Amino acid sequence: MAVQKASRNRHRFRTMLSVDLRRMFTMPMFYIMAGIALAVPILILVMTTGVSGGEDASMSFTSAWQIIGSLSTDSSAMMDMTSMCNINLLYFMVAVLVCCFVAGDFQSGYAKNLFTVRSKRSEYAISKVVVCFIASALFVMVFFAGAMLGAAIAGLPFTMVGFNPANLVMCVLAKILLMGVFVSIYVIASVAARHRLWLSIMISLMAGMLMFMMIPMMTPLDATVLHGILCLAGSVLFSIGLSCASTMILRKASVV
């Protein structure tokens, strides 16, 4: 009996995950933001390189890799333009996507019907975290592709100084894994705000700004396996903990 119940629960969760994946990748907002993620690095690199002419290093990109991150030893790059207008902007873009995705469930009545018929609130929270994490990982890859294209157009060098290709791979992987921490925060903010999209976006962006400085420290260009492990551990812990918190909110609050 217990085995049959566990099997039904797994089937129900897989069904919900499949539905959420289909809804995410048929949502126009996803493709609009993916287009923005591709265009933004191209525009930033081409415009800053062309306007500044390389005269002020703090206001222009001198390497293709600066838009991906900075070295852990480069403390001077923490607050300049190249450290602010880079791939880390995606953490704010993902906040908007997650909030729109979750708020849409409550605004349309989908969440109410879902919980009334058969679904558990814990499965709902976990499904949202997983699907939004997958979407955010794709955004990182799209931004990286745009950065490489933009750097080629702007004529920036691809020389790796102070790091190697293995470090670069770990840097991008760490940024993807760290998305799990932020996605979990955005999901619980969206669940708490429910149909109030403006409120969920405001809370999510505030949380993102408070945690923004941890991103370059956890995901430097010279990232190692340790950085990846730390980001993975943080994402797992945040995902589990905040999914449980989201479940509690859904159980105690009205879904309308």
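If you're wondering where the values come from, they're calculated on a predicted model, not measured in any experiment.
Of the possible polar contacts, none joining the Ser243 side chain to the Ile240 backbone as a donor-acceptor pair under 3.5 Å is found. Checked by atom type and distance alone, the side chain of Tyr124 never pairs as donor or acceptor with a backbone atom of Thr247 at under 3.5 Å. For the pair Ser18 (side chain) and Thr15 (backbone), a donor-acceptor distance under 3.5 Å is absent. Judged by distance alone, with hydrogens and angles left aside, the side-chain atoms of Asp222 form a donor-acceptor pair with the main-chain N or O of Ser72 at under 3.5 Å. The backbone N or O of Lys175 sits less than 3.5 Å from a side-chain atom of Tyr91, completing a donor-acceptor pair.
Under a hydrophobic clustering in which Ile, Leu, Val, Met, Phe, Trp and Tyr are joined whenever their side-chain heavy atoms come within less than 4.5 Å, directly or via other members, Val142 and Met27 fall into different clusters. Residue Ile215 is not grouped with residue Leu210 when hydrophobic side chains (ILVMFWY) are merged at heavy-atom distances under 4.5 angstrom, including chains of intermediate members. Both Val94 and Val140 are members of a single hydrophobic cluster when ILVMFWY side chains are connected at heavy-atom separations under 4.5 Å. If you chain together hydrophobic residues whose side chains sit under 4.5 Å apart, Leu221 and Ile44 fall into the same group.
When side chains are defined from C-beta on, Leu17 counts as touching Val131, because their heavy atoms get closer than 4.5 Å. Annotation: side chain of Leu178 is in contact with side chain of Val181 (closest heavy-atom distance under 4.5 Å). The shortest distance between side-chain heavy atoms of Val161 and Trp65 does not fall below 4.5 Å. Side-chain contact between Ile42 and Ile153: present, with at least one pair of heavy atoms (C-beta onward) separated by less than 4.5 Å. At least one side-chain heavy atom of Met16 sits less than 4.5 Å from a side-chain heavy atom of Asp20. A heavy-atom distance below 4.5 Å is not found between the side chains of Thr224 and Met170. Looking only at side-chain heavy atoms (C-beta outward), Cys132 and Met179 stay at 4.5 Å or farther from each other. Side-chain atoms of Phe158 and Met148, non-hydrogen and from C-beta on, do get closer than 4.5 Å to each other.
Rounding to the nearest 0.5 Å places OG of Ser200 at 9.5 Å from CZ of Arg196. Met93 contributes atom CE, which lies 10.5 Å from atom CD1 of Ile87 (distance to the nearest 0.5 angstrom). Summarising the geometry, atom CE belonging to Met33 is positioned 15.0 Å from atom CG belonging to Leu38; distances are rounded to the nearest 0.5 Å. Interatomic distance, Ile176 CD1 to Cys171 SG, rounded to the nearest 0.5 Å: 10.0 Å. Ile67 contributes atom CD1, which lies 11.0 Å from atom CZ of Phe144 (distance to the nearest 0.5 angstrom). Atom-to-atom distance recorded for Ile126:CD1 and Lys120:NZ is 10.5 Å, nearest 0.5 angstrom.
Across all non-hydrogen atoms, the minimal contact from Val129 to Ser239 is CG1-OG, 3.9 Å. Shortest non-hydrogen contact noted between Leu90 and Ala37 is CD2-CB, 4.0 Å. Glu123 approaches Phe13 most closely through the heavy-atom pair O-CE1, 3.7 Å. What you find for Ile249 and Ala192 is that their closest heavy atoms are CG2-CA, 4.1 Å.
Just one of Arg194, Arg121, Arg23 meets the salt bridge (Lys or Arg N to Asp or Glu O under 4.0 Å) condition when paired with Asp105; it is Arg23.
Proximity of the aromatic rings of Phe92 and Tyr186 is defined here by a centroid distance below 6.0 angstrom, and this criterion is not met.
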Where do Phe139 and Phe30 land on the ring-ring contact (aromatic ring centres under 6.0 Å, His included) test, with the steps shown first?
-> CA-CA 9 Å; Phe139 281 173; Phe30 173 82; 5.4 Å; yes
